[in-house]
Amino acid sequence: LALSATGSSVSTISASAVDRAVGKVAMVPLTKGSLLATGQVGDAPELAAGEALVGAILKAGQYPTGLQSGSTVRIIEVPAADASGLSEPVSHGSGRVADIQESSNDGTTVVVSLVVADDTAEAVASAGAGGRLSLVVQAAP
């Protein structure tokens, strides 16, 4: 990527090289209209030991508008109702949004890639594939 210097310690991606950033994964939350630094985008989410990358299919209402890559989220499973018609939500802890892609032409469904704790990966992946997850954005730790 071509770099433009804004100061001695900040390197940004120039407008002429922005096409090289398109399709990359945001490594941190990005703010509309701000300068894009080289370390803010990458080829794939970085996983630490004990983390896993899972997918989730979400409909409108299962995530807040403005959800973006890099957001820290609480992951909540809403299981199917039992015989009494009730269901208790199940918390799967926190995670980080690695990527978001529209999965339908009408924009009503998105596929979200989530970085989660390895010990919750199976449950989150199962609920995510079944459309039973909701995400709550929370302040970054």
Shortest non-hydrogen contact between G70 and R96, atoms and distance: O-CG, 3.9 Å

Does any N or O in the side chain of S71 come within less than 3.5 Å of the main-chain N or O of Q68, such that one atom is a donor and the other an acceptor? yes

Please examine the side chains of V112 and L133, heavy atoms only from C-beta on, and report whether any two atoms are closer than 4.5 Å. no

From T72 atom OG1 to R74 atom CZ, the distance as rounded to the nearest 0.5 Å: 12.0 Å

Is there a continuous path of hydrophobic side-chain contacts, each under 4.5 Å between heavy atoms, that joins V111 to V116? no

Rounded to the nearest 0.5 angstrom, the CG-CZ distance for L58 and R132 is 12.0 Å

Are V137 and V110 co-members of a hydrophobic cluster defined by side-chain heavy atoms under 4.5 Å apart? yes

Using every non-hydrogen atom in the two residues, find where A129 and I57 come nearest and quote the distance to one decimal. O-CD1, 3.8 Å

Can you see which heavy atom on V78 is nearest to which on S134, and at what distance? CG2-OG, 4.2 Å

Return the minimal non-hydrogen interatomic distance between A98 and V115, and the atom names on each side. CB-CG2, 4.1 Å

For the residue pair L135 and I75, establish whether any side-chain heavy-atom pair is separated by less than 4.5 Å. yes

Can you check whether H92's main-chain N or O pairs, donor with acceptor, with E77's side chain at less than 3.5 Å? no

For residues L114 and V97, determine if any side-chain heavy atom of one lies less than 4.5 Å from a side-chain heavy atom of the other. yes

Tell me the closest heavy-atom pair linking S113 and L53, and the distance in Å. CB-CD1, 4.0 Å

Quick check against the 3.5 Å criterion: does S87 have a side-chain atom that pairs as donor or acceptor with the backbone of P79? yes

With sequence neighbours left out, write down each residue that passes side-chain hydrogen bond (donor to acceptor under 3.5 Å, both in side chains) with T65, or none if nothing qualifies. none

Once side-chain hydrogen bond (donor to acceptor under 3.5 Å, both in side chains) is applied, do any residues pair with Q101, and if so which ones, sequence neighbours excluded? D99

